[in-house]
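Below is one structure, written out as structure tokens, with a few remarks after it.
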Amino acid sequence: MLVHGREVKFFRSVGAVNEIAKACPGGDISKLTDQLQSNNTIVVNDTWATFISALNEGYEQAQKYEDPTYKPNPLTVAELYTLTEEDFYKLIGEASEAWFGDKRLVEVEESKGKKNETSETSD
């Protein structure tokens with residue numbers, strides 16, 4: 001996505017996880033969902049902004065090590081707060097894709113001993 005004229009990408013690095021954990025109570029990343037479901041708009045926006053900026057910083061730093069001539073230009077929380085809500089939500093979606101990674105489906109072969117049985121799962 002373009003933000004202020006530059007392409008913004010995301011990467012879930014160890015550093016990004018650490019930065020996001022800092023936004024969680026006690027530095028506990030398992031409390032991220034609780035932070036994002038808070039009734040406090042400021043807490044929610046601050047947490048999402050940290051999430052977006054940390055994952056973008058992860059990408060920018062990784063690029064720097066891939067290509068020593070690359071000049072990192074990460075999003076800052078202050079810069080994120082200048083965006084429209086619509087653009088902010090789009091970045092949340094893109095950053096979330098990096099956070100969760102590729103969702104891969106596992107194919108299961110039918111058991112030879114059990115014919116004509118089907119199983120259903122709900123998503």
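Note that the numbering runs from 1 along the sequence shown for the chain.
Under the 4.5 Å side-chain heavy-atom criterion for ILVMFWY residues, no single connected hydrophobic cluster contains both V14 and Y65. M1 and I92 end up in the same hydrophobic cluster when Ile, Leu, Val, Met, Phe, Trp and Tyr side chains are linked at under 4.5 Å.
Residues meeting the side chain to side chain contact (heavy atoms under 4.5 Å, CB included) test with P68, sequence neighbours left out: none. Applying the side chain to side chain contact (heavy atoms under 4.5 Å, CB included) rule to V44 yields the partners S38, W48; only residues at least two apart in sequence or on another chain are considered. By the salt bridge (Lys or Arg N to Asp or Glu O under 4.0 Å) test, K22 pairs with E19, sequence neighbours left out. Annotation: side-chain hydrogen bond (donor to acceptor under 3.5 Å, both in side chains) contacts of D46 (sequence neighbours excluded): Y81. A search for side-chain hydrogen bond (donor to acceptor under 3.5 Å, both in side chains) contacts involving T69 returns D67, not counting sequence neighbours. For S30, the side-chain hydrogen bond (donor to acceptor under 3.5 Å, both in side chains) criterion is met by D28, not counting sequence neighbours. Residues satisfying the side-chain hydrogen bond (donor to acceptor under 3.5 Å, both in side chains) criterion with E79, sequence neighbours excluded, are H4, R6. Listed by chain and number, the residues in a side chain to side chain contact (heavy atoms under 4.5 Å, CB included) with E86 are T84, K90 (sequence neighbours excluded).
Sorted pairs that involve residues 7-43 and meet ring pair (Phe, Tyr, Trp, His ring centres under 6.0 Å), not counting sequence neighbours, are lacking altogether.
Within a 6.0 Å radius of CD in E66, no more than 12 heavy atoms belonging to other residues, nucleotides or ligands are found. No more than 12 heavy atoms of other residues, nucleotides or ligands sit less than 6.0 Å from atom CD1 of I42.
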Name the atoms and distances for all side-chain donor-acceptor pairs under 3.5 Å in residues 51-60, with sequence neighbours left out.
from: S53; atom 1: OG; to: A49; atom 2: O; distance (Å): 3.0
from: S53; atom 1: OG; to: T50; atom 2: O; distance (Å): 3.3
from: N56; atom 1: OD1; to: L75; atom 2: N; distance (Å): 2.7
from: N56; atom 1: ND2; to: K9; atom 2: O; distance (Å): 2.8
from: E57; atom 1: OE2; to: Q61; atom 2: NE2; distance (Å): 2.9
from: E60; atom 1: OE1; to: Y70; atom 2: OH; distance (Å): 2.8
from: E60; atom 1: OE1; to: N73; atom 2: N; distance (Å): 2.8
from: E60; atom 1: OE2; to: Y70; atom 2: OH; distance (Å): 3.0

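Between A23 and Q35, the closest heavy-atom pair is O-NE2, 2.9 Å. The two residues P72 and K64 have their closest heavy-atom pair at CG-CD, 3.7 Å. Minimum interatomic distance between W99 and I20 (heavy atoms only, all atoms of both residues): CZ3-CD1, 3.6 Å.
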Evaluate the side chain to side chain contact (heavy atoms under 4.5 Å, CB included) criterion for residues D87 and V3: first the C-alpha distance (whole Å), next the side-chain angles of each, then the deciding distance (0.1 Å), finally the verdict. CA-CA 9 Å; D87 286 342; V3 176; over 6 Å; no
